[in-house]
Amino acid sequence: MAGRKSDFTLTKLDDLFTTQAQRDEEQLSKIRDIPLELIDDFPDHPFKVRDDEDMMQLVESVKERGVITPATVRQKEDGRYELVSGHRRKRACELAGFETLRSEIVDLNRDEATILMVESNFQRSEILPSEKAFAYKMRLEAMKRQGQRTDLTSTPLVEKLAGKDALSVSRIGEEVGESREQIRRYIRLTNLVPELLEFVDEGRIKMRPAVELSYLDEDCQRDVVDEIDLNDATPSHDQTIRMRKLFNEGNLTTEAIHAVMSEEKPNQKEKIVLRGDRVRQLIPKNISVSQTEDFVCKALEHYNKFLRNRAERDSR
């Protein structure tokens, strides 16, 4: 009859020779309990596994119900397994005293595994800036090797994202809800020395100042770390812009960093600077340097008491 749609559909080739039970069994065969000693962590895994309160809760859950969602592993050429997702579950099993990890074995090459590893870990509720930074970088490098679009890092300024470029959202940006420029900023953080990156994770240094510092070489960055410790304050965005400019001009010396960082800033604690030579001559020689602060504080207490007593006498 004209216009009648056919309800005939071609059967898949595999379905012609296998039953549903066989196909289900094949799927289940990919999930097995693998000895922990045969499972290696993913190389340069960017996401930290912490033995915190959440981990202790996961350990208790594993003890009671086992691993509900299997981890994902891929088999390596040497016969061992590489963990793609499930690093926290693996650690929980270790802490719970288990010898195996319920895992699904997937057939992936390294780049495909990298992309899956990043995607699965981004489902976590809390992710540190440093974790995002190295995860984005690893994912982009994997995409580049696969011949996928990698122009996420090609826009040096936010202004260049105007017009049509602003509508060209990358695949990663769509998945994680970040702008292309923000992803670029995160990747820049991978150029920071560990001490500065830790300050970013702690929230002591914000994203934009951190990005400016990422353009300094390692020696200059470590000078900045020393100044942060000395001044008990992190640099402002304006200060990092000036330091980057001096660095590009070849003029960012240790002295220049000290001069910039010594400026008083809103986030800097009030300091009292005492000249060492003048103070030292007023302190008995048997008082060591480590005892100096305690000696000075006690001396000030006695002097304040003297001033109060004198004021009371004068008021009589």
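Not measured: the values here are computed from a predicted model.
- Side-chain contact check for E119 versus R139: some heavy-atom pair is nearer than 4.5 Å.
- For the residue pair A210 and V200, the shortest heavy atom distance occurs at CB-CG2, 3.7 Å.
- A heavy-atom distance below 4.5 Å is found between the side chains of P235 and M261.
- Using a 4.5 Å heavy-atom cutoff, the side chains of V73 and I34 are in contact.
- Remark: side-chain polar atoms of E131 are paired, donor with acceptor, to backbone N or O of K48 under 3.5 angstrom.
- By the 6.0 Å contact criterion, NZ on K245 is open, its count of non-hydrogen atoms from other residues, nucleotides or ligands being 12 or less.
- Inter-residue side-chain proximity for T254 and D219 is flagged as unmet; no heavy-atom pair is nearer than 4.5 Å.
- Of all the heavy atoms in N109 and E112, the pair that sits closest is OD1-N, 2.7 Å.
- Between P46 and M138 there is a side-chain heavy-atom pair separated by less than 4.5 Å.
- Although no hydrogens or angles enter the test, the distance criterion places no donor-acceptor pair under 3.5 Å between the side chain of E104 and the main chain of P70.
- Within the 4.5 Å cutoff, no side-chain heavy atoms of K90 are placed close to those of F98.
- Panel note: side chain N191, backbone R188; a donor-acceptor pair is recorded below 3.5 Å.
- Remark: side-chain polar atoms of S61 are not paired, donor with acceptor, to backbone N or O of Q57 under 3.5 angstrom.
- Figure legend: R88 and F47 shown without cation-pi pairing, the cationic atom not lying both under 6.0 angstrom from the six-membered ring centre and within 45 degrees of its axis.
- Distance OG1/T72 to CG/L116: 6.0 Å, rounded to 0.5 Å.
- Side-chain atoms of E212 never come within 3.5 Å of backbone atoms of I241 as a donor-acceptor pair (strictly under, hydrogens ignored).
- Atom CG of residue D78 and atom CG of residue D40 lie 7.0 Å apart, to the nearest 0.5 angstrom.
- Taking all atoms of both residues into account, the shortest heavy-atom contact from A133 to L189 is CB-CB, 3.9 Å.
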* Given salt bridge (charged side-chain N to carboxylate O under 4.0 Å, His left out), test E198 with R204 step by step and report yes or no. => CA-CA 9 Å; E198 185 175 352; R204 294 186 61 187; over 6 Å; no
* **E94 and R91: CA distance, side-chain angles, deciding distance, salt bridge (charged side-chain N to carboxylate O under 4.0 Å, His left out) verdict** => CA-CA 5 Å; E94 292 172 347; R91 177 57 178 165; 3.3 Å; yes
* Step by step, would you call D223 with I257 a side-chain contact (heavy atoms from CB on, under 4.5 Å)? -> CA-CA 7 Å; D223 283 340; I257 292 174; 3.6 Å; yes
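- Judged by distance alone, the side chain of T190 and the main-chain N or O of I187 form a donor-acceptor pair under 3.5 Å.
- Under the 3.5 Å distance criterion, the side-chain polar atoms of S130 are left unmatched by any main-chain donor or acceptor of L128.
- The OG atom of S236 lies 11.0 Å from the CD1 atom of I205; values are rounded to the nearest 0.5 Å.
- The nearest pair of heavy atoms linking T240 to H237 is OG1-O, 2.7 Å.
- The NZ atom of K137 sits 10.0 Å away from atom CG of D44, with the distance rounded to the nearest 0.5 Å.
- Checked by atom type and distance alone, the side chain of Q221 pairs as donor or acceptor with a backbone atom of V193 at under 3.5 Å.
- With hydrogens and angles left out, the side-chain atoms of Q182 and R185 include a donor and acceptor closer than 3.5 Å.
- The residues E181 and R184 are annotated as salt-bridged, a charged nitrogen and a carboxylate oxygen being separated by less than 4.0 angstrom.
- Here the closest heavy-atom approach between residue D41 and residue E82 is recorded as O-CG, 4.4 Å.
- Annotation: the span from E227 atom CD to M243 atom CE amounts to 9.0 Å, rounded to 0.5 Å.
- A donor-acceptor pair is defined here as one N or O able to donate and one able to accept, closer than 3.5 Å; no such pair exists between the side chain of E249 and the backbone of L246.
- Considering only heavy atoms from C-beta on, D51 comes within 4.5 Å of L95 through its side chain.
- In D229, the CG atom is crowded: over 12 heavy atoms of neighbouring residues, nucleotides or ligands sit closer than 6.0 Å.
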* **Residue pair V62, R89: steps toward the side-chain contact (heavy atoms from CB on, under 4.5 Å) verdict** => CA-CA 8 Å; V62 168; R89 279 163 281 173; 5.8 Å; no
* Asked: When you look at R222 and D226, which way does the salt bridge (charged side-chain N to carboxylate O under 4.0 Å, His left out) test go after all the steps?
  -> CA-CA 6 Å; R222 296 203 177 279; D226 291 340; over 6 Å; no
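- Donor-acceptor pairing under 3.5 Å is lacking for the side chains of K206 and T234.
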* To do: Any chance you could lay out the side-chain contact (heavy atoms from CB on, under 4.5 Å) test for R208 and V211, step after step, and finish with the verdict?
  => CA-CA 5 Å; R208 289 179 180 274; V211 169; 5.7 Å; no
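- Contact detail for V84 and R74: the closest heavy-atom pair is CG2-N, 4.2 Å.
- Note that CZ of F134 is 13.5 Å distant from NE2 of H45, once rounded to the nearest 0.5 Å.
- Within the 4.5 Å cutoff, the side chain of I115 has no heavy atoms near those of the D111 side chain.
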* Please assess R102 against I68 for the test side-chain contact (heavy atoms from CB on, under 4.5 Å), listing each intermediate value before the final yes or no. => CA-CA 8 Å; R102 189 75 168 164; I68 299 175; over 6 Å; no
